[in-house]
Amino acid sequence: MALAGPKASALLDMLCGKLPDERSTSREIELGYAPGLLLRWPAPAGFYLLTPTEFAAGVHERIADAGGNHGLRHAGSLAAGTLAIAQGARRFGTEANPQISAVAAGIDANL
């Protein structure tokens, strides 16, 4: 799941504790009973939340419930792709794929 926007940090702080201020690339978190990995999105105030499949529905529900107070809106992967294009961010699966390595596409610094 991806969370982006000016209130993403506040929402995550509320759900899983205060996030560190430094721009570390990843952090293990617990969201309720679900373990996860929080990755910084290249966009300002953006995060990717990776969680095991069996916890995904519960994590989504918890985020959606808490997000109402933060103005959360659902957006699909096409919206995220459009934002990445607007920022000039290269992505695996589009600019890099099994035939074009991340190094060749120039996105290895984001890995």
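Fair warning: this is a prediction, and the values are worked out from it, not measured in the lab. These values consider heavy atoms only, across backbone and side chains, with no hydrogens, waters or symmetry-generated copies. For this chain, numbers begin at 1 and follow the sequence in order.
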Does a sphere of radius 6.0 Å around CD in Glu28 hold more than 12 heavy atoms from other residues, nucleotides or ligands, not counting ones at 6.0 Å or beyond? no
Any chance you could measure His70, atom NE2, to Leu12, atom CG, to the nearest 0.5 Å? 9.5 Å
Only pairs under 3.5 Å count here: list side-chain donor-acceptor contacts from residues 58-69, not counting sequence neighbours, and write none if there are none.
unit_1, atom_1, unit_2, atom_2, d
His60, NE2, His74, NE2, 2.9

Let me confirm one number: the CG-CG distance from Leu38 to Leu49, rounded to the nearest 0.5 Å. 6.0 Å
Is any side-chain heavy atom of Thr51 closer than 4.5 Å to one of Met1? yes
Minimal non-hydrogen separation, Pro52 against Pro35, with atom names: CD-O, 3.4 Å
To the nearest 0.5 Å, tell me how far Phe47 CZ sits from Leu3 CG. 8.0 Å
Residues at least two apart in sequence or cross-chain that pass side-chain contact (heavy atoms from CB on, under 4.5 Å) with Pro6, listed by chain then number, are none
Test of understanding: with side-chain contact (heavy atoms from CB on, under 4.5 Å), list the residues that count as partners of Leu50, not counting sequence neighbours. Leu37, Leu39
Here the gap from Cys16 atom SG to Arg27 atom CZ, rounded to the nearest 0.5 Å, amounts to 6.0 Å
